[in-house]
Amino acid sequence: MITQAIVRKPCNAIIKALTTSDMGPPNYQAALSQHTAYIAALRDCGLDVIELPADESFPDSTFVEDVALLTPQCAILTRPGAPSRTEEVVTMAPVIQEYYESIEIIDAPGMLDAGDILLAEEHYYIGLSTRTNRSGAEQLINILARYGMTASIVCLDSVLHLKTGIGYLDNGDILTSGEFIDKPEFTAFHQIPLPEDEAAAANSLYINGTVLMPDGYPKAQAIIEAKGYPVKTIDISEFEKIDGGISCLSLRF
Ligand code: GLY
């Protein structure tokens, strides 16, 4: 059961965050309001939320998910693949040390964004992307193996992160979109394919019985609700402008 989450307040510099979209920069005040609502939603799901202050040194620092993988046995500090994000780990490390005795790190030349890591039924899938290379993935596989956990590599075609296009819910149910629909690595799961124009909703989170999903994807919401999941939607439109999704905004453990 997940009991806690770590979030970081968006910084003013978020208007300069990395993006592949052409939606323009986020509105800072709107991003702050949406972030506050996101925290409230996590609390509604029963989580204690640890709120970190804004870090103006790193425009993307509100996307805390990428800098660590928090497992039941250990924490792994990643080595984010975008040069402007690599050092985000430095300010997260002392926070993680408050909660974990066993902390591992990914070393150069490894690159690893935890947005490329999907936990599905006790197994970690690691996407090879522009942010995560084979060295980073193999280091993670070796670390997890030392703690009795398993992981494997998934090659990505076009998404930014693995979890941009796929999300595990519960009981074998997995949200898929685009390149992940019928991808061999995931055919053993019960796939819930989402329409192409609502693919972003694949980045949803199952937390203690509720699916947190982005607002504005009515077809995906209806599909998930039809599977019997209670759904809570959150407006994260300002974060979507900079390639952010529901999972990117928190570290959960
Ligand atoms: N803007 C989120 C990222 O590129 O990591």
Side-chain angles (χ1 to χ4, degrees), residues 5-35 38-39 52 54-70 76-93 95-96 106 108 110-118 125-133 136-137 140 154 156-167 177-179 199-205 212-214 216 234-252:
I6 299 171
V7 300
R8 187 181 288 287
K9 184 177 175 181
C11 57
N12 282 284
I14 196 171
I15 57 171
K16 297 181 194 148
L18 298 171
T19 188
T20 58
S21 91
D22 56 3
M23 292 189 272
N27 175 288
Y28 182 57
Q29 290 305 324
L32 285 181
S33 299
Q34 292 180 359
H35 197 255
Y38 178 83
I39 292 169
L52 306 180
D55 185 346
E56 292 294 343
S57 305
F58 300 105
D60 286 282
S61 54
T62 196
F63 298 125
V64 288
E65 177 180 61
D66 288 314
V67 301
L69 178 67
L70 304 181
I76 299 103
L77 296 172
T78 65
R79 188 166 178 276
S84 66
R85 300 201 60 190
T86 307
E87 297 299 314
E88 285 180 26
V89 173
V90 173
T91 49
M92 183 58 78
V95 180
I96 303 291
I106 302 296
M111 302 191 317
L112 183 73
D113 277 18
D116 279 318
I117 306 167
L118 174 72
Y125 293 87
I126 309 166
L128 292 190
S129 69
T130 57
R131 303 289 182 83
T132 295
N133 63 13
L140 179 62
V154 181
L156 308 183
D157 296 333
S158 60
V159 290
L160 175 64
H161 285 131
L162 175 66
K163 280 185 290 197
T164 303
I166 189 163
S177 68
E179 66 189 74
N203 186 273
S204 291
L205 283 177
L212 293 189
M213 65 173 293
I234 312 165
D235 183 0
I236 56 163
S237 57
E238 298 308 313
F239 301 101
E240 289 178 326
K241 292 175 181 175
I242 45 173
D243 294 339
I246 289 283
S247 73
C248 316
L249 288 165
S250 61
L251 276 164
R252 302 149 308 271

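Remember, it's 1-based here, ligands and their atoms both numbered in the order they're listed.
- The CG atom of Leu160 lies 5.5 Å from the OG1 atom of Thr130; values are rounded to the nearest 0.5 Å.
- Here the side chains of Arg252 and Leu70 are not in contact, with every heavy-atom distance at 4.5 Å or above.
- Atoms of ligand 1 found under 4.0 Å from any heavy atom of Ile242, numbered from 1 in the order shown, are 1 (N), 2 (C).
- Counting only heavy atoms of the protein, atom 4 (O) of ligand 1 lies nearest to Arg131 NH2, 2.7 Å.
- Under the 3.5 Å distance criterion, with hydrogens and angles disregarded, no donor-acceptor pair is assigned to the side chains of Ser61 and Asp55.
- Taking CG of Leu162 as the reference point, atom OG of Ser129 lies at 8.5 Å (rounded to 0.5 Å).
- Considering backbone and side-chain N/O of Asp60, one or more are found under 3.5 Å from N/O of ligand 1.
- Taking every heavy atom of Arg85 and a limit of under 4.0 angstrom, the matching atoms of ligand 1 come to 3 (C), 5 (O).
- Taking only nitrogen or oxygen atoms, main chain and side chain alike, Phe63 does not reach within less than 3.5 Å of ligand 1.
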| query | Given the rule in the side chain to side chain donor-acceptor pair (under 3.5 Å) test, do Glu179 and Ser158 qualify, once you have shown the distances and angles that lead to the verdict? | reply | CA-CA 8 Å; Glu179 66 189 74; Ser158 60; 3.0 Å; yes
